[in-house]
Trainee: 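Here's a structure for you.
Positions are given from 1 along the sequence.
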Amino acid sequence: MRISIGFQKIEELEAILPLNFFHRLDLPWEAAFLAGKCFVQYRQKGGTQRSPLPGFYIGAHAAIADMMLLTRDVNHYRIYFPTLELITPES
């Protein structure tokens, strides 16, 4: 979801995504490594993107930090991050 493009200022976005509910976290080194490994699998399976997709970083970060992930892209995360607990529309 590309939410930030709908706002002119970061303060406007922060007003609707309060810090006490939405945490901002740096990408852990381990998550970057895992995202790279999953991207290699994606390419080996015929994926055409030339650089890691944002979903790889998001999934890896959630997996490394033992967080649940809210998504509509169920198949992508189940394939590359099978241990990740997903919150989905069908949940």
Side-chain angles (χ1 to χ4, degrees):
M1 183 164 75
R2 298 178 188 121
I3 192 166
S4 66
I5 62 173
F7 298 89
Q8 295 297 315
K9 297 180 181 178
I10 195 168
E11 293 83 7
E12 295 170 356
L13 176 59
E14 288 176 341
I16 67 157
L17 300 175
L19 284 169
N20 63 339
F21 190 77
F22 293 94
H23 302 278
R24 284 88 164 146
L25 304 172
D26 293 328
L27 184 69
W29 177 250
E30 296 85 359
F33 181 82
L34 178 57
K37 293 296 185 184
C38 291
F39 180 70
V40 168
Q41 289 178 0
Y42 160 82
R43 291 287 294 180
Q44 289 172 341
K45 292 179 180 182
T48 60
Q49 296 293 321
R50 295 290 213 187
S51 62
L53 304 169
F56 287 113
Y57 293 113
I58 293 165
H61 193 169
I64 294 296
D66 197 29
M67 294 186 278
M68 293 184 289
L69 181 65
L70 175 64
T71 185
R72 285 183 273 183
D73 191 3
V74 175
N75 292 333
H76 171 82
Y77 291 107
R78 286 196 177 137
I79 290 169
Y80 295 103
F81 304 98
T83 63
L84 189 56
E85 186 175 351
L86 301 176
I87 302 169
T88 66
E90 68 236 18
S91 293

Trainee: Can you tell me how far apart CG (L53) and CG (D73) are? Round to the nearest 0.5 Å.
Mentor: 9.5 Å
Trainee: To the nearest 0.5 angstrom, please state how far the OG1 atom of T88 sits from the CZ atom of R72.
Mentor: 11.5 Å
Trainee: Same hydrophobic cluster for F81 and V40, using side-chain heavy-atom links shorter than 4.5 Å among ILVMFWY?
Mentor: no
Trainee: Can you list the steps and then say if L19 with R24 is a side chain to side chain contact (heavy atoms under 4.5 Å, CB included)?
Mentor: CA-CA 8 Å; L19 284 169; R24 284 88 164 146; 3.2 Å; yes
Trainee: Is the count of non-hydrogen atoms from other residues, nucleotides or ligands lying under 6.0 Å from F7 atom CZ greater than 12?
Mentor: yes
Trainee: At what distance, to the nearest 0.5 angstrom, does OH of Y77 lie from CG of N75?
Mentor: 12.0 Å
Trainee: According to a 4.5 Å side-chain heavy-atom criterion applied to Ile, Leu, Val, Met, Phe, Trp and Tyr, with indirect links allowed, do Y57 and L86 form part of one hydrophobic cluster?
Mentor: no
Trainee: Judged by atom type as modelled, is there a donor-acceptor pair below 3.5 Å linking the side chain of R43 to the main-chain atoms of Q49?
Mentor: yes
Trainee: Which value, rounded to the nearest 0.5 Å, describes the distance between L34 atom CG and H61 atom NE2?
Mentor: 11.5 Å
Trainee: Counting C-beta onward and ignoring hydrogens, is there a side-chain heavy-atom pair between I79 and Q41 closer than 4.5 Å?
Mentor: no
Trainee: Does atom CE of M67 have more than 12 heavy-atom neighbours, drawn from other residues, nucleotides or ligands, at distances under 6.0 Å?
Mentor: yes
Trainee: Checking Y80 side chain against G55 main chain: does a donor-acceptor pair fall under 3.5 Å?
Mentor: no
Trainee: Give the minimum heavy-atom separation between A63 and L84, together with the two atoms involved.
Mentor: N-CD1, 3.7 Å
Trainee: Which pair of heavy atoms, one from L27 and one from A31, lies closest together, and at what distance?
Mentor: CD1-CB, 3.7 Å
Trainee: Can you get from W29 to I64 by hopping between Ile, Leu, Val, Met, Phe, Trp and Tyr side chains that sit under 4.5 Å apart?
Mentor: no
Trainee: Would you say I10 has more than 12 foreign heavy atoms packed within less than 6.0 Å of its CD1?
Mentor: no
Trainee: Hey, could you give me the CD1/OG1 distance between I87 and T71, rounded to the nearest 0.5 Å?
Mentor: 10.5 Å
Trainee: Can you tell me if Y42 uses its side chain to pair, donor with acceptor, with the backbone of K37 under 3.5 Å?
Mentor: no
Trainee: Heavy-atom count check: over 12 atoms from other residues, nucleotides or ligands less than 6.0 Å from K45 NZ?
Mentor: yes
